[in-house]
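Because the structure is predicted, anything quoted here is derived from the model rather than measured. Residue numbering restarts at 1 for every chain, and letters A, B, ... go by the order of the sequence lines.
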Amino acid sequence: MLVIYNSLTQQKETFHPLQPGQVKIYVCGITVYDYCHMGHAKSMVSFDVVVRYLRSQGYQVTHVRNITDIDDKIIQRAQANNESIEALTERFIGAMNEDAQALGLLVPTVEPRATQYMSQILAMIQRLLDQSYAYITASGDVYYRVDKFEHYGCLSHKKLDELQVGKRVDVDEQKENPLDFVLWKSAKPGEPAWNAPWGQGRPGWHIECSAMSTHCLGETFDIHGGGADLLFPHHENEIAQAEAATQKPYVRYWMHNGFIQINEEKMSKSLGNFFTIREVLKKYSGEVLRYFIIASHYRSQLNYSDENLQQAQESLTRLYLTLRDVNAITELTEDSAALNEYIERFYQVMDDDFNTPKALSVLHELATEVNRFNTTDPVAAAGWAFVLRKLAHILGLLEQRPQNYFNQSSTEEAAIIEQLIAARIQARVEKQWQRADQIRDQLLSMGILLEDKEGKTVWRRK
RNA sequence: GGCGGGGUGGCAGAGUGGCCAUGCAGCGGAUUGCAAAUCCGUGUACGCCGGUUCGAUUCCGACCUCCGCCUCCA
């Protein structure tokens with residue numbers, strides 16, 4: 001029985017989807033004006049695991065992840081780069097897809113873009129205006145009237161009068177209440193604009209998610225996710241917009257992931273202390289990044305450091321070594337109570353709000369068992385390895401072939417390696433240990449590690 | 001000021017009222033020409049102070065301290 005921590009109620013709740021067997025989930029994606037950084041990776045991987053796990057439990061999952069392709073930062077960046085908005089956003093959507101692929105992310109069922117949902121956005125704003133949840137200012141902006149929505153603050157558990165509004169940022173004097181937020185921004189000359197009954201402009205940031213999510217998933221849907229920094233005001237505003245417009249409950253389970261930190265500080269664009277995914281990929285594979293991310297709980301903060309990534313790599317390597325050393329990977333024909341216990345435990349810990357660190361510990365225990373069976377019972381080893389890989393797939397891990405993980409090389413390099421290994425074998429036959437060790441060291445300096453096993457010498461990349 | 005989340009062995013990171021987390025690193029052993037890989041064994045860990053309890057890292061209270069949100073941010 002799956003239990004999910006719901007930010008709305010601030011407690012773990014048993015998960016029951018609205019429609020049995022089906023899950024509708026919306027995850028806030030990114031604004032495409034720059035490369036994705038490790039913080040985006042944490043969010044994307046965390047919810048990728050959620051989707052994978054739900055599917056593994058037999059749910060039919062509709063997974064929506066939006067792309068914000070129009071907003072102030074995009075406009076600014078396009079101007080700064082002297083390129084069109086379309087060129088800029090297309091470029092970074094392409095980059096995002098590359099990053100996503102490297103991380104092994106499943107492609108969302110739908111990836112709606114704000115600019116493609118203008119009619120739905122306009123319709124929702126109109127509904128809000130009609131019910132006087134919104135007002136138009138003299139300058140042609142449309143604002144949401146926060147005072148009119150009685151549940152405002154229900155998600156972030158903030159009391160309106162306790163918010164220090166305007167402490168850090170100037171308040172627009174056209175607002176009735178400083179907390180009111182923009183639904184539609186009137187266009188200044190030269191800015192991209194769409195026609196609306198109340199004047200040309202573009203949507204505010206929050207409205208697109210309310211419009212797209214309800215359009216793609218229904219006016220009430222199961223799970224809405226995103227980074228913890230989106231909880232307020234973004235998700236709070238989404239609730240206000242959607243529930244005022246539809247007069248129905250918006251989302252049933254709200255999930256928020258913790259941040260990546262660096263030097264005890266949040267990694268963020270505004271602080272400028274971020275590493276892009278592609279930067280980190282130069283040194284570590286996407287699978288290592290994934291392991292690094294899920295080795296801590298999705299709601300915790302995660303400290304970014306080279307050392308931690310290194311440890312993730314070593315842990316992952318251990319699992320791949322286990323798969324490499326097993327002769328065959330085939331499903332066990334007979335039921336094994338001992339094996340079933342591990343499977344049960346894996347599902348149990350994942351059922352507890354997606355406890356991936358503990359799930360990984362189960363995988364490592366399985367790996368130990370496989371290694372142990374390897375010398376005593378090959379059939380069992382094959383069967384347990386099968387399960388190890390199957391469970392790992394739910395986390396998006398161990399999807400490569402071990403040879404791929406360890407032995408990638410160009411044909412020329414492979415030839416050199418094979419040649420050196422042959423020379424070393426000869427030296428060993430002649431018991432010229434010094435010569436043999438020298439060759440081994442030479443290969444090691446090339447990043448190639450040798451292992452002598454059962455009369456054979458195998459190599460792998462260190 | 002309000003709200004939320006933390007402080008666990010050398011590092012990372014789960015968790016629990018009394019019994020194993022797990023990985024990496026270390027130490028000892030098996031194996032190996034030596035290694036590597038693997039297996040076995042191995043650690044007086046739970047911020048501080050009180051309280052409840054037969055027993056608390058785990059429950060309660062106070063304190064110290066760190067991080068996040070209250071602006072755009074995954």
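- On a pure distance criterion of 3.5 Å, a polar donor-acceptor pair joins the side chain of A:Asp437 and the base of B:G33.
- Proximity of A:Arg428 to the phosphate of B:C34: no side-chain N or O atom is located under 4.0 Å from OP1 or OP2.
- With hydrogens and angles ignored, a donor-acceptor pair under 3.5 angstrom links the side chain of A:Gln311 to the base of B:C11.
- Salt bridge A:Asp452/A:Arg424: present, at least one basic N to carboxylate O contact under 4.0 Å.
- Counting non-hydrogen atoms under 4.0 angstrom, A:Ile260 reaches a base of the nucleic acid.
- When heavy atoms are screened at a 4.0 angstrom cut-off, A:Thr368 is found touching the sugar-phosphate backbone but no base atom.
- Distances were taken from every side-chain heavy atom of A:Leu230 (C-beta onward) to each of B:A74, B:C24, B:G33; the shortest belongs to B:A74.
- Within the nucleic acid shown, A:Ser315 comes within 4.0 Å of sugar-phosphate atoms alone, with no base atom in reach, counting heavy atoms only.
- Atom NZ of A:Lys42 is separated from atom P of B:C67 by 18 Å (rounded to the nearest Å).
- Counting any heavy atom pair closer than 4.0 Å across all strands shown, A:Ser268 reaches a base atom.
- Taking atom CZ on A:Phe274 and atom P on B:C72, their separation rounds to 19 Å, with Å as the unit.
- For B:C69, its base sits under 3.5 Å from the side chain of A:Lys158 at one donor and acceptor pair at least.
- As judged by a 4.0 angstrom heavy-atom cut-off over every strand, A:Arg65 is placed among residues making no nucleic acid contact.
- Applying the 3.5 Å distance criterion, the base of B:C34 shares a donor-acceptor pair with the side chain of A:Arg440.
- The phosphate of B:G15 (OP1 or OP2) has a side-chain N or O of A:Asn355 nearer than 4.0 angstrom.
- Across all strands, A:Arg299 comes closer than 4.0 Å to no nucleic acid atom at all (heavy-atom distances).
- Between A:Asp180 and A:Lys148, no side-chain nitrogen of the basic residue sits less than 4.0 Å from a carboxylate oxygen of the acidic one, so the salt-bridge criterion is not met.
- Checking B:A74, B:A12, B:C72 against the side-chain heavy atoms of A:Pro233 singles out B:C72 as nearest.
- In this structure, the CG atom of A:Leu155 is 12 Å from the C1' atom of B:G4, given to the nearest Å.
- Within 4.0 Å of A:Asp452, counting heavy atoms only, lies at least one base atom of the nucleic acid.
- If you check B:G23, B:C40, B:A74 against the side chain of A:His364, the one that comes closest is B:G23.
- Within 4.0 Å (heavy atoms only), A:Met267 reaches at least one base atom of the nucleic acid.
- A close approach under 4.0 Å does occur between a side-chain nitrogen or oxygen of A:Ser300 and OP1 or OP2 of B:A14.
- Atom CD of A:Glu413 sits in a crowded spot, with more than 12 heavy atoms from other residues, nucleotides or ligands closer than 6.0 Å.
- Proximity note for A:Phe232 (side chain, C-beta onward) versus B:C34, B:A14, B:C70: the nearest is B:C70.
- Taking atom P on both B:A36 and B:G28, the two are 13 Å apart, rounded to the nearest angstrom.
- Counting to the nearest Å, the P atom of B:A74 and the CD1 atom of A:Ile293 are 15 Å from each other.
- Nucleic acid contact class of A:Lys73 (heavy atoms, under 4.0 Å, all strands): base.
- Note on A:Gly225: nothing from the nucleic acid sits closer than 4.0 angstrom, heavy atoms only.
- Among the atoms of the strands shown, none is found under 4.0 Å from any heavy atom of A:Gln310.
- Side-chain proximity of A:Ile30 to B:G23, B:A74, B:A36: nearest is B:A74.
- The phosphate of B:C70 has neither OP1 nor OP2 within less than 4.0 Å of any side-chain N or O from A:Lys159.
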